[in-house]
Peer 1: 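Submitted below is the structure of interest, expressed as structure tokens.
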Amino acid sequence: MEQHEGGGGEGGLTKSAAVAACTAMAVFYVAILYSPTLVLRLPPPISFKSYMIRRFVCAAVSSVVSLIVCFFILPITRRDASNLLGVYGIRLDHTWQALVFPLSLTSLMYSGSFALKILSMIQASNEYLNSGGTVSVVCIKTILWKIVDWVVSVTSSISSWRNYFVAPLTEELVFRACMIPLLLCGGFSTYTAIFLCPIFFSLAHLNHLLEVYAQQNFSLVKACLVVGLQLGYTVIFGAFASFLLVRTGHLTAPLVAHIFCNFMGLPVIFSRRSGIVIVAFVLGMLSFVWMLFPLTAPQLYNTTTEKCSCWHGYCNWS
């Protein structure tokens, strides 16, 4: 992937143009969420569900617009246009690799969380047995029904659809599938693109500062601390997700990692209950660092790493 001198990338796309496009996409992704009431003058939603559905539609519109804008900005040739979705990393080939390997890698960061959950399950089972309970068919059926009830409650919750489907999908489309190609084709180096992309990702979460400050009646300082912690985690995850897309060229990789992280929340680092948790976390992070490059090797996700376009960052990153 050759990069031209003078701050320009392939096809005449400059660094400044790439940054401007990414900034506009980030601002538009947030601004459109408020358009139903501020621009279209629609009445306030009558319920939380209708409020979230409005936001789902706005996020979908933002994603489609960003994809279209990228199509006109990126130096897409006729050969590339025949596989247009592949430009954004939307592919059906190597799907199981893009699901299993990134998910396994991401789960290593949550070794402390898994250890704490196992300890809680052991403690609960011991308390149940010590109180005279027995392991029986009825007990197993009760546990299974609780699992089924949990699955039903999650799938029927509008918040779950936001956290585990709409937000990950639209954010990965806009902030990874669109922005990473723009930055790479604009002439930025691979690592610069990986660490620059999360900055735009964090911009889209600054509106949370106003929401926390206004809706939860926090002081400005407390709201800044809460949102600051969230933005810090957002930047770290954004860099990891960008790394996954560049290394694999497959949008499924950062998408499955995004969904999993939203489901798990912040990793558990330690617990006063047992020192096993911090040991598990440290071992998990060491394993994560050790397996980071092997599990994201471009050869695992692509049949060839030759004759690539400027957005295929993995071609020159073995």
Side-chain angles (χ1 to χ4, degrees), residues 1-4 9-11 13 18 22 67 70-71 74-77 79-109 168-169 171-198 200-201 236-261 285-318:
M1 181 174 64
E2 297 292 337
Q3 291 179 348
H4 305 291
E10 185 176 317
L13 180 62
C22 291
L67 291 171
C70 269
F71 172 77
L74 290 173
I76 299 176
T77 64
R79 177 176 62 87
D80 299 319
S82 63
N83 184 25
L84 184 59
L85 292 180
V87 174
Y88 306 108
I90 304 173
R91 299 158 44 190
L92 294 178
D93 61 288
H94 298 82
T95 300
W96 77 264
Q97 293 94 330
L99 284 170
V100 175
F101 295 147
L103 182 59
S104 301
L105 181 65
T106 307
S107 64
L108 292 174
M109 294 188 291
L169 180 59
E171 288 177 359
E172 292 306 318
L173 284 173
V174 175
F175 295 96
R176 246 69 68 180
C178 290
M179 293 189 182
I180 288 293
L182 286 172
L183 295 174
L184 290 177
C185 293
F188 287 98
S189 67
T190 302
Y191 280 107
T192 301
I194 287 174
F195 290 105
L196 184 59
C197 194
F200 301 111
F201 188 46
I236 294 174
F237 170 77
F240 175 58
S242 300
F243 174 88
L244 287 177
L245 181 59
V246 176
R247 285 282 288 178
T248 66
H250 211 302
L251 187 63
T252 303
L255 179 60
V256 69
H258 196 153
I259 294 172
F260 182 76
C261 288
M285 289 305 301
L286 291 175
S287 300
F288 172 82
V289 174
W290 182 46
M291 297 300 296
L292 181 61
F293 281 86
L295 285 182
T296 59
Q299 294 77 12
L300 294 175
Y301 306 88
N302 303 276
T303 54
T304 180
T305 57
E306 300 176 354
K307 298 180 180 179
C308 296
S309 301
C310 57
W311 50 80
H312 294 136
Y314 59 80
C315 286
N316 63 343
W317 191 5
S318 57

Peer 1: To check you understand the geometry: which heavy-atom pair defines the closest contact between V256 and P102, and what is its length?
Peer 2: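 Looking at all heavy atoms of both residues, the closest pair is CG1-CB, 4.2 Å.
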Peer 1: In Å, rounded to the nearest 0.5 Å, how long is the span from CZ of F200 to SG of C178?
Peer 2: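 Going from CZ on F200 over to SG on C178, the span is 13.0 Å.
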Peer 1: Any idea how F201 and H258 line up, ring-wise: parallel (<30°), tilted (30 to 60°), or perpendicular (>60°)?
Peer 2: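 Plane angle over 60°, so perpendicular.
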Peer 1: I would like to know whether I76 and W311 meet side-chain contact (heavy atoms from CB on, under 4.5 Å); could you show each step before the answer?
Peer 2: CA-CA 10 Å; I76 299 176; W311 50 80; 4.0 Å; yes
Peer 1: Taking all atoms of both residues into account, what is the closest heavy-atom pair of L244 and P254, and its distance?
Peer 2: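 Of all heavy-atom pairs spanning L244 and P254, the closest is CD1-CA, 4.0 Å.
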Peer 1: State the CG-CG distance between L184 and L245, to the nearest 0.5 angstrom.
Peer 2: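 Here the interatomic distance stands at 8.5 Å.
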Peer 1: Is any side-chain heavy atom of T192 closer than 4.5 Å to a side-chain heavy atom of L183?
Peer 2: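 No; the side chains remain at least 4.5 Å from each other.
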Peer 1: Roughly how far apart are H94 NE2 and F101 CZ, rounded to 0.5 Å?
Peer 2: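 H94 atom NE2 to F101 atom CZ measures 10.5 Å (nearest 0.5 Å).
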Peer 1: Mind checking whether L85 and R91 have side chains closer than 4.5 Å, heavy atoms only?
Peer 2: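 They are not in side-chain contact.
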Peer 1: Does a side-chain heavy-atom distance below 4.5 Å link E172 with I259?
Peer 2: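 No, every pair of side-chain atoms sits at 4.5 Å or beyond.
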Peer 1: Partners of T248 by side chain to side chain donor-acceptor pair (under 3.5 Å), sequence neighbours excluded?
Peer 2: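 None.
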Peer 1: Ring centres of F243 and F293 under 6.0 Å apart?
Peer 2: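 Yes.
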Peer 1: SG to SG, are C185 and C310 under 2.5 angstrom apart?
Peer 2: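 Answer is yes: C310 pairs with C185 in a disulfide.
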Peer 1: I need the L295 CG to Q97 CD distance, nearest 0.5 Å.
Peer 2: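 The CG atom of L295 sits 12.0 Å away from the CD atom of Q97.
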Peer 1: Compare every heavy atom of Y301 with every heavy atom of D93, then report the nearest pair and how far apart it is.
Peer 2: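 So the minimum-distance heavy-atom pair works out to OD2-O, 4.0 Å.
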Peer 1: Would you call the rings of Y314 and H312 parallel, tilted or perpendicular, taking 30° and 60° as the class edges?
Peer 2: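 Because their plane-to-plane angle lies in the 30° to 60° range, the rings of Y314 and H312 count as tilted.
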Peer 1: Considering non-hydrogen atoms only, spot the tightest contact between F188 and A193 and give its length.
Peer 2: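 In this case the closest contact between F188 and A193 is CB-N, 4.5 Å.
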Peer 1: Enter the distance from H250:NE2 to T296:OG1 here, rounded to the nearest 0.5 Å.
Peer 2: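 Interatomic distance, H250 NE2 to T296 OG1, rounded to 0.5 Å: 14.0 Å.
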Peer 1: With side chains defined as the heavy atoms from C-beta onward, is the minimum distance between L173 and L251 less than 4.5 Å?
Peer 2: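 The answer is yes; the side chains approach within 4.5 Å.
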Peer 1: At their closest point, which heavy atom of F260 faces which heavy atom of S107, and how far apart are they?
Peer 2: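 Taking F260 first and S107 second, the nearest heavy atoms are CE2-CA, 3.7 Å.
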Peer 1: Rounded to the nearest 0.5 Å, what separation is found between the CD1 atom of I180 and the OH atom of Y88?
Peer 2: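 Here the rounded value is 14.5 Å.
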Peer 1: Any chance the SGs on C22 and C197 are under 2.5 Å from each other?
Peer 2: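 Between C197 and C22 there is no disulfide, given that their SG atoms are not under 2.5 Å apart.
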Peer 1: If you look at every heavy atom in L292 and F240, which pair is closest and at what distance?
Peer 2: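 Where L292 meets F240 most closely, the heavy atoms are CD1-CE1, 4.1 Å.
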